[in-house]
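These notes concern the structure reproduced below.
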Amino acid sequence: MVSTLSPDELQRYSRHISIDSVGVEGQSRLKSARVLVVGAGGLGSPTLMYLAAAGVGVVGVIDDDVVERSNLQRQVIHGESTLGVPKVDSAHRRMTDINPLIEVRPVTERLTAANCFDILRDYDVVIDGSDNFPTRYLVNDACHFLGIPCVWGSVFQFTGQASVFNVEGGPCYRCLYPQAPPPELAPSCAEGGVFGALCASVAAVQATEAIKLILSHGRPLVGRLWLYDGTEVETQVLKVNKDPLCPLCGPEATITDLTDLSYVCASPAAAPPPVATISPETLADRLERRGRAEDDFLLVDVREQFEWDIVRIEGARLVPQGQMAAQAAAFPPDRDIIVYCKSGGRSEKVARVLSTDFPRVLNLDGGVLAWAARVDPSLPVY
Amino acid sequence: MDTTSIGHDVPVGLPLVMQPAAGGSSTVQVRARTVGEAVDALIAQYPGLGSLLLTPEHDVRRFVNIYVDAEDVRFLKGLDTIIAAGQRITLLSAVAGG
């Protein structure tokens, strides 16, 4: 049933109502609508603010993180006053300030196969602003099973993508991306970085698409992928076909229920081989001996240039993870290779790959952060 | 036979995550008649892209999408898709950041 609007609402939404294709009826539809935003981060922040401002009657938001200072460069719904506060509560405060006439439903949980149906089923539209592949596949699959449109968007550095999945007859996320890329091609925002204002570009498309779906206005981004390159200011719209072989929405679907993908890997074959580690203290000792020509090894920093510029271990060589395949061929074949990153995760993946070509590869346990904490506390950390 | 002069000049747009393996280039020009030739030419210029794009069996990896203009070649003829003069190839890899 379409809601009626109060005098307060008529005044607040007057700039919407004066658009022919919105009008009182469209605004009332927004008031009756329920939209869930997955993630209150870089994409979720602007999206939530626009949904609140637009007068979407019920806005759900799920996120299990708390606000950290490193979020504030792009997650504009949060601020200094909500540092340490659960993101959904921080978002709730800001949204209520923007528009006290809507209902915000915060959920401080991580979306899992166990809770996903219960959390999503009450909503008309889901907006995916999550930050990892397992959640993205989970949201897509749940939306498919529940018949809920999913407005999807993602960002990396200066580039963004958006599309609308699971609208009747249209493709799903698995039709577009049957498989997630391997970790070296899928750096997280923490590892790869994201330009703050770029999030707003993608989030604005997501909010627009969600509102268009509610209003049944215009041509939704169904069967199309919007690509934005902020560096060149270039936009491309590519076709997304419904895949007849899709394991989720194809005629011979094999996925019949939700599963948690703890890790989506390109080659889910065997368990990864163990990676040998070296402690910061032992590395310090070996560096000292290398300085006296009593030891010989290659110390490789696999982080990005900007991280190297912030802090590095003296005596290391920078080979960012993405350039490793091209540069590793020139590594000496007969010496130990010790790799490190910020906290040990990325370099572990690199070490695993290098181990197939080099006899002894060691990963610095805890990365440069552990080095700074245990060997050289004068170094800056980030 | 020298095939380098056969085909069209085709710009190939690379996703950010693959650009380091192509010397930082966002677009690489190749000369090719089909998508497969374009991929081979690209890998000949930048061997580091080889394992990112293709399996050892020379199939396109499932996490890489290849478009000729706006069309996904998975729904055309894959690597055998013919490239017409003036068309552009876009390589795409999923990103999950949010």
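So that the names make sense, note that chain A is the first sequence line, chain B the second, and so on, each numbered from 1. Note that the structure is a prediction, hence the values are computed from the model and not measured.
- Rounded to the nearest 0.5 Å, atoms CD (Gln19(B)) and CD (Gln323(A)) are 12.0 Å apart.
- One finds the OH atom of Tyr177(A) at 6.0 Å from the CG atom of Asn65(B) (value rounded to the nearest 0.5 Å).
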- Can you list the steps and then say if Leu238(A) with Asp69(B) is a side-chain contact (heavy atoms from CB on, under 4.5 Å)? CA-CA 8 Å; Leu238(A) 304 175; Asp69(B) 287 346; over 6 Å; no

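- The shortest non-hydrogen separation linking Asp72(B) to Asn241(A) is CB-OD1, 4.3 Å.
- Counting heavy-atom neighbours within 6.0 Å of Tyr228(A) OH, excluding the residue itself, gives a total above 12.
- Proximity to chain B (any heavy atom under 4.5 Å) is shown, for Asp128(A), by neither the backbone nor the side chain.
- In this structure, no portion of Ser51(B) lies under 4.5 Å from any heavy atom of chain A.
- Checked by atom type, the side-chain pair Ser26(B)/Glu232(A) shows no donor-acceptor distance below 3.5 Å.
- Interface remark: Val38(A) contributes no atoms to any contact with chain B (heavy atom separation under 4.5 Å).
- Only the backbone of Asn132(A) comes within contact range of chain B, with at least one heavy atom under 4.5 Å from a heavy atom of that chain.
- You'll find the side chain of Phe75(B) reaches within 4.5 Å of the side chain of Pro244(A), heavy atoms only.
- Taking both residues in full, the closest heavy atoms of Leu176(A) and Arg74(B) are given as O-NH2, 3.2 Å, listed atom of the first, atom of the second, then distance.
- For a residue to count as touching a neighbouring chain, one of its non-hydrogen atoms must lie under 4.5 Å from one of that chain's; by this rule Leu225(A) touches chain B with the side chain only.
- Rounding to the nearest 0.5 Å gives a distance of 7.0 Å between OG1 of Thr27(B) and CD of Glu234(A).
- Shown here for Ala94(B) and Pro181(A), the closest heavy-atom pair between the two residues is O-CG, 3.6 Å.
- When each of Ala70(B), Gly13(B), Pro20(B) is scored by its heavy-atom pairs under 4.5 Å with chain A, the top score falls to Ala70(B).
- Of all the heavy atoms in Val95(B) and Arg136(A), the pair that sits closest is O-NE, 4.5 Å.
- Across Gly39(A), Cys199(A), Ser154(A), the residue that shares the most heavy-atom pairs under 4.5 angstrom with chain B is Ser154(A).
- Between chain B and the residues Ser130(A), Ala326(A), Gly41(A), the largest count of heavy-atom pairs under 4.5 Å involves Ser130(A).
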